[in-house]
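In what follows, chains carry the letters A, B, and so on, assigned in the order in which the sequence lines appear, proteins first and then strands, with residues in each chain numbered from 1.
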Amino acid sequence: MSSNSFAYSEQSGGGEATELGQEATSTISPSGAFGLFSSDMKKSPELFHLVTVPSDFLKTEFFTEILKCFRDKADLRNEDLKQMLESNKDSAKLDAMKRIVGMIAKGKNASDLFPAVVKNVASKNIEIKKLVYVYLVRYAEEQQDLALLSISTFQRALKDPNQLIRASALRVLSSIRVPIIVPIMMLAIKEASADLSPYVRKNAAHAIQKLYSLDPEQKEMLIEIIEKLLKDKSTLVAGSVVMAFEEVCPDRIDLIHKNYRKLCNLLVDVEEWGQVVIIHMLTRYARTQFVSPWKEADGLEDNEKDFYDSDEEQKEKTDKGKKPYTMDPDHRLLIRNTKPLLQSRNAAVVMAVAQLYWHIAPKSEAGIISKSLVRLLRSNREVQYIVLQNIATMSIQRKGMFEPYLKSFYVRSTDPTMIKILKLEILTNLANEANISTLLREFQTYVKSQDKQFAAATIQTIGRCATNISEVTDTCLTGLVCLLSNRDEIVVAESVVVIKKLLQMQPIQHGEIIKHMAKLLDSITVPVARASILWLIGENCERVPKIAPDVLRKTAKSFTGEDDLVKLQILNLGAKLYLTNSKQTKLLTQYILNLGKYDQNYDIRDRTRFIRQLIVPNEKSGALSKYAKKIFLAQKPAPLLESPFKGRDHYQLGTLSHTLNTKATGYLELSNWPEVAPDPSVRNVEVIELAKEWTPAGKAKKENPDKKFYSESAEEEEDSSESSSDSESESGSESGEQDDEGDSSEDSSEHESESGSGSEAENKRAAKKNSKTKGKSDSEDVDKENENSKTSDSSNAESSSIEDSSSDSASESESESESESRKVTKEKENKTKQDRNPLTKDVSLLDLDDFNPVSTPVARPTPALSPSLIADLEGLNLSASSSVISAPDAQAPDAQAQQPWLTGPAAPWHVGSSWTGARTRIPCIGRRTLNHCATREALTHSLYFLYALNLAKNTAW
Amino acid sequence: MIHSLFLINSSGDIFLEKHWKSVVSRSVCDYFFEAQERATEAENVPPVISTPHHYLLSVYRHKIFFVAVIQTEVPPLFVIEFLHRVVDTFQDYFGVCSEPVIKDNVVVVYEVLEEMLDNGFPLATESNILKELIKPPTILRTVVNTITGSTNVGDQLPTGQLSVVPWRRTGVKYTNNEAYFDVIEEIDAIIDKSGSTVTAEIQGVIDACVKLTGMPDLTLSFMNPRLLDDVSFHPCVRFKRWESERILSFIPPDGNFRLLSYHVSAQNLVAIPVYVKHNISFRDSSSLGRFEITVGPKQTMGKSIEGVTVSSQMPRGVLSMNLTPSQGTHTFDPVTKMLSWDVGKINPQKLPSLKGTMSLQAGASKPDENPTINLQFKIQQLAISGLKVNRLDMYGEKYKPFKGIKYMTKAGKFQVRT
């Protein structure tokens with residue numbers, strides 16, 4: 001043992017650890033970071049030394065003691081593994097690691113191997129390394145002191161030029177749940193959050209959550225990082241950082257404001273898991289920031305166009321309450337941008353969109369989700385289960401949504417029982433006068449099912465249908481009575497219970513049925529059913545005066561053998577008969593009361609005592625016994641047959657709490673709509689500085705004509721100090737006109753704004769007009785645009801690019817009524833841009849300003865782009881020939897003629913730059929094009945990628 | 001999010017566990033076992049189980065329960081969908097997903113799981129990316145690895161992870177460039193006693209196998225795209241293009257993938273290609289019952305129906321069956337009471353039939369319900385909805401690919417009530 005330990009510190013451990021130590025000292029920067037680090041470390045001086053100066057430390061007794069400690073605990077069976085780990089051969093080490101991972105997977109304890117494993121953390125072999133990481137993450141928490149030995153390796157790796165290594169180092173470092181390294185983690189996260197690689201930043205976002213769960217006191221600093229990462233424009237990061245946001249500070253809704261529009265626009269391109277998280281978060285956000293669209297749900301359908309155009313704030317300021325509800329454009333943006341995701345292959349995404357529509361969309365628009373939800377029913381049983389539960393809740397409130405899909409909820413004999421019962425639930429909710437006969441026929445099949453639990457549930461369902469739809473009550477009742485002769489006892493029992501409820505609801509004479517049921521009492525054994533029959537007879541004892549006493553006689557005989565439930569009902573029956581027909585039943589009742597008095601069950605003894613005092617007149621009994629008849633035979637309210645899903649609607653759909661119908665830990669309530677919408681201007685993204693940076697001073701003058709158009713906007717007046725570029729980006733601005741002038745203002749404003757622009761705009765508008773009347777096909781638009789690009793010189797290249805995409809959306813206008821108004825916005829933007837642009841011509845090619853996301857009013861995420869990048873991009877543009885990064889429109893016309901659909905980022909463009917000298921081909925394809933905008937976004941994105949790539953190349957490769 | 005994952009086999013052994021946050025004791029699974037006991041059948045185990053401190057979300061596939069442990073509120077479908085993705089990934093990696101295979105490849109499984117989740121949040125679930133990170137085990141690679149000491153772990157970050165086309169890796173090369181598309185439709189139907197259709201809908205998918213060099217940009221157009229009214233796409237499909245032109249435009253992932261799936265709902269009229277004539281009767285007096293079924297074609301557009309199998313869950317009272325088929329073979333399991341008849345191809349001239357008697361338990365009353373008949377069949381070269389691919393074009397690359405398209409109609413959940 002001792003020689004072994006000696007060998008260890010001599011051979012590998014010594015060298016390794018020395019290295020580790022050096023590394024640690026070198027990597028921790030001596031500045032503020034060091035202070036941060038050491039302040040915590042003071043708490044445990046030994047460990048501080050361990051990390052920073054372990055070369056000395058290794059020789060100390062303390063260290064050997066630790067090792068010994070573990071060694072003593074060690075299981076002898078693992079001795080061979082240790083030897084393999086200490087061998088020089090990678091293959092042996094790998095083999096050992098694989099066996100150890102196998103042990104972990106089986107749940108066997110491998111913690112005693114920790115010292116031997118941790119030494120290999122710096123292994124050159126990447127697979128060994130990975131497996132060591134797996135091991136470390138599993139056991140570091142248990143062996144914190146030894147785990148510290150590995151920290152410096154990660155710190156070094158955090159500086160690695162390879163982003164994969166940086167990311168995985170951060171992952172493992174943050175997964176080691178050792179409280180003492182919190183400052184190191186904090187530092188690492190901070191650095192990683194500013195990393196050039198979006199992949200590393202994504203990992204930083206994940207690390208935030210890990211650090212938070214390890215040490216919640218770091219919350220404030222973590223929020224700062226979250227705030228920074230929220231500004232990130234990479235789709236890779238978005239999902240992860242929103243996840244971190246939800247975990248760390250879901251109440252800091254103010255952090256979202258500025259990123260709201262960006263998140264909406266990025267949504268389609270985020271990976272599917274991120275989409276789910278973002279959509280859930282945005283649902284909550286929308287419920288706090290917008291006013292309810294549900295108030296006048298009916299009037300909304302016709303003037304849908306108006307929603308988009310009119311500005312909520314504007315309306316409030318000018319004529320409060322006069323106009324009907326109009327939707328905040330940001331609200332509309334969210335609803336519109338999530339719609340394509342209903343087509344996702346991921347059930348969780350579809351469900352997330354469905355719940356978003358359910359909770360925040362106008363009621364008239366929520367209908368589109370039903371089709372997608374019904375599609376999910378073809379999926380696995382677990383998915384079906386959750387989806388059906390949600391549909392069940394929805395179908396209670398809005399029947400109409402799923403009525404057309406009634407047949408999709410028909411039960412198959414191969415469905416698992418839980419699915420069958422959920423489907424039944426939905427069928428019940430959907431039942432109405434029109435379809436009930438079809439449904440009842442369907443139910444008849446179900447009642448005969450071999451799955452008796454399901455058959456019983458069907459009978460319940462029939463009962464519910466019968467009470468809900470008065471037309472069929474009698475039919476149902478006869479049907480149920482037929483079932484009373486069924487051979488299966490469960491079915492009969494269930495029918496009895498349901499019939500009892502039905503009869504109770506209908507105070508009409510049903511003597512025949514009661515007689516029939518009284519006969520059943522001889523054969524049926526299920527306690528609930530027997531109790532139900534007895535209760536029914538007692539309740540109607542005056543209607544069946546001949547049968548009731550006889551039933552009492554029979555049951556009195558069998559009293560001792562009955563179930564408690566039945567005994568109670570026998571007592572009840574006796575009491576009622578005693579009161580109505582004491583001549584015949586007095587003795588019988590007394591006999592039963594005597595039996596009950598000595599029953600084993602105290603409930604029954606209590607009840608007996610109570611009844612005796614109440615009904616049998618004696619000297620002591622007070623005033624109450626006079627009212628005994630009224631008490632026992634009072635008119636009882638009929639039971640309500642309600643859906644078990646009734647109460648669930650106060651949980652947000654699609655959540656765990658909804659599924660469980662209890663509040664799960666960490667469930668965030670969906671707030672009610674605010675009465676008055678909070679200031680929508682908080683979502684405006686400030687782009688002024690950037691624009692100013694790039695546009696010469698003379699621009700201000702140019703804007704005057706714009707101002708005239710927009711002057712009616714309240715927003716404008718309010719922030720007149722801000723430059724008008726801000727108001728341009730505000731889609732609401734033009735709504736001022738709309739409110740006053742109505743729809744016609746669209747055209748007039750177009751004319752006005754057009755005056756400054758060139759003839760090309762004329763063309764464009766003509767094209768648009770045509771497409772409005774569906775006269776022109778898409779291809780024509782493209783043709784026109786080709787013409788444009790041919791005729792127009794390079795100066796208006798960028799404006800035609802916008803036109804390009806606008807004509808694209810023009811073709812869509814048939815389907816989307818609001819796209820029309822969007823177009824106007826776009827056009828306006830074009831105009832104003834053209835007004836300003838002549839002066840900014842030299843930067844035009846890469847002037848990101850010009851690739852303004854067309855459909856969206858603001859969403860100019862540029863400021864989040866690192867300034868250095870902007871500088872680089874500018875530099876890139878200025879230095880390179882104009883074809884360096886060809887904007888999509890600047891493609892050779894013939895190329896477009898060949899591939900007319902390749903607009904925007906769908907086209908693979910050639911990007912080369914004198915800056916790197918390399919010609920890199922970037923296929924920049926995306927569903928991004930699918931969405932309305934993001935032309936520019938895609939450009940920045942890919943540029944950013946290119947930039948990162950090149951930088952990485954320069955520095956590392 | 002996802003805290004831990006336990007894999008449990010049908011006999012209730014936990015044979016794999018993985019934790020992404022601090023370790024959760026495997027005793028948490030006791031709650032699951034309790035629920036399993038209550039449910040009697042595996043498929044009735046509730047997918048969401050609440051325990052005092054955790055929530056257990058499970059999926060059941062390939063006779064294995066994948067139980068995820070979570071601690072806080074999370075959309076349940078998120079977890080369930082992820083678990084299914086895990087199973088799909090295993091299947092993709094190992095061909096089958098079964099207990100022995102997972103046990104044999106425990107290291108790869110662990111590495112894959114490690115990459116798929118970080119701190120319980122999905123990290124890389126796209127199988128293309130995973131395969132670049134961790135190479136799937138093949139016999140050849142295992143041999144090479146033992147000799148050279150190289151590993152299954154890729155040392156480069158997959159390019160797809162960062163590009164705008166995360167589903168496709170760069171630098172794909174093939175000598176034979178080919179693209180195959182299979183249009184497969186499944187009919188879900190319920191036919192009632194009298195032979196009329198209660199409900200019928202079509203679930204269609206287009207599965208693709210694309211082996212093309214470089215970065216091809218494909219467009220697929222249909223003769224009758226309006227049939228596709230309810231669709232879900234692979235992320236590669238450009239949605240906007242579809243919205244405006246009803247053309248599928250996409251850069252395909254490398255290899256096999258599901259391009260889209262669609263649903264032709266019950267509201268449309270669906271042609272039912274087969275009919276079943278049945279005469280199943282029990283008599284009160286005797287313990288013998290009559291059994292007779294005949295299967296025949298109907299609305300098949302001239303195509304032949306193949307691979308027909310008929311199965312039916314007989315009532316519990318049936319002791320044995322004495323049947324003679326006109327073609328194919330039949331079996332009756334007296335324990336599970338499952339009758340299955342492998343018919344094969346239907347010959348329209350001589351319709352296959354199965355006739356005979358059933359003997360019931362003596363003294364038992366006659367069953368209330370006649371059994372439901374489940375049908376399986378295949379029709380080659382026919383998409384029953386009438387969907388037809390018009391053409392496939394490739395842009396962005398110079399070579400001429402080989403293109404192929406195949407249609408098939410299958411029975412999905414096809415039931416005949418008797």
Toward chain B, the part of [X] with a non-hydrogen atom under 4.5 Å:
X	answer
A:His280	side chain
A:Gln384	side chain
A:Glu247	side chain
A:Ser379	neither
A:Val276	side chain
A:Glu272	side chain
A:Val350	neither
A:Val172	neither
A:Thr417	both
A:Gln450	both

Ion pair [X]/[Y], N-O distance below 4.0 Å:
X	Y	result
B:Asp230	A:Arg375	yes
B:Arg61	A:Glu382	no
A:Arg441	B:Asp192	no
B:Asp118	A:Lys202	no
A:Arg345	B:Glu126	yes

For chain B, find which of [options] contributes the most heavy-atom pairs closer than 4.5 angstrom.
options	value
A:Val447, A:Thr445, A:Val374	A:Thr445
A:Asn346, A:Asn203, A:Ile104, A:Val134	A:Asn346
A:Glu141, A:Glu271, A:Glu442	A:Glu442
A:Thr414, A:Leu668, A:Val101	A:Thr414
A:Leu653, A:Asn390, A:Leu131, A:Asp95	A:Leu131
A:Met351, A:Gln652, A:Arg138, A:Glu246	A:Arg138

Non-hydrogen atoms of chain A under 4.5 Å away: do they reach the side chain of [X], the backbone, both or neither?
X	value
B:Leu117	backbone
B:Val109	neither
B:Ile70	side chain
B:Phe233	both
B:Phe15	backbone
B:Trp242	neither
B:Leu16	both
B:Phe6	neither
B:Arg85	side chain
B:Asn374	side chain
B:Tyr60	both

How about [X] and [Y]: do any of their side-chain heavy atoms sit closer than 4.5 Å?
X	Y	answer
A:Thr665	B:Tyr55	yes
A:Arg412	B:Arg417	no
A:Tyr133	B:Glu114	no
B:Met1	A:Met243	yes
B:Asp229	A:Lys371	yes
A:Val277	B:Phe121	yes

Select, from [options], the one with the greatest count of heavy-atom pairs under 4.5 Å involving chain A.
options	answer
B:Val107, B:Ile14, B:Val106, B:Leu83	B:Val107
B:Lys103, B:Lys413, B:His84	B:His84
B:Lys193, B:Arg26, B:Arg258, B:Glu41	B:Arg26
B:Leu57, B:Ile247, B:Leu77	B:Leu77
B:Lys18, B:Lys21, B:His19	B:Lys21
B:Ser58, B:Pro122, B:Gly120, B:Ser50	B:Pro122

In a check of side chain to side chain donor-acceptor pair (under 3.5 Å) between A:Arg378 and each of B:Glu186, B:Gln203, B:Glu201, which one passes?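 One option only clears the test, and that one is B:Glu186.
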
Is [X] reaching over with its side chain to a backbone N or O of [Y], donor-acceptor style, under 3.5 angstrom?
X	Y	answer
A:Lys130	B:Glu111	no
A:Arg381	B:Glu43	yes
B:Glu73	A:Leu656	yes
B:Asn44	A:Pro416	no

A:Met418 vs B:Val45, side chain to side chain contact (heavy atoms under 4.5 Å, CB included): CA-CA, chis, key distance, verdict: CA-CA 9 Å; A:Met418 59 179 183; B:Val45 178; over 6 Å; no

Could you go step by step and tell me if B:Glu243 and A:Lys339 meet the salt bridge (Lys or Arg N to Asp or Glu O under 4.0 Å) rule? CA-CA 12 Å; B:Glu243 283 285 270; A:Lys339 193 179 165 196; 5.4 Å; no

Regarding [X] and [Y], do their side chains bring together a donor and an acceptor under 3.5 Å, going by distance alone?
X	Y	value
A:Ser413	B:Gln313	no
B:Thr72	A:Tyr667	no
B:Asn119	A:His206	no

Can you tell me if A:Lys106 has over 12 outside heavy atoms packed within less than 6.0 Å of its NZ?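 No, not enclosed.
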
Side chain to side chain contact (heavy atoms under 4.5 Å, CB included) for B:Ile190 and A:Lys407? Distances and angles first, verdict last. CA-CA 10 Å; B:Ile190 303 177; A:Lys407 287 191 171 175; over 6 Å; no

To the closest 0.5 Å, what do you measure between CZ (B:Phe239) and CG (A:Leu342)?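 CG of A:Leu342 is found 8.5 Å from CZ of B:Phe239.
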
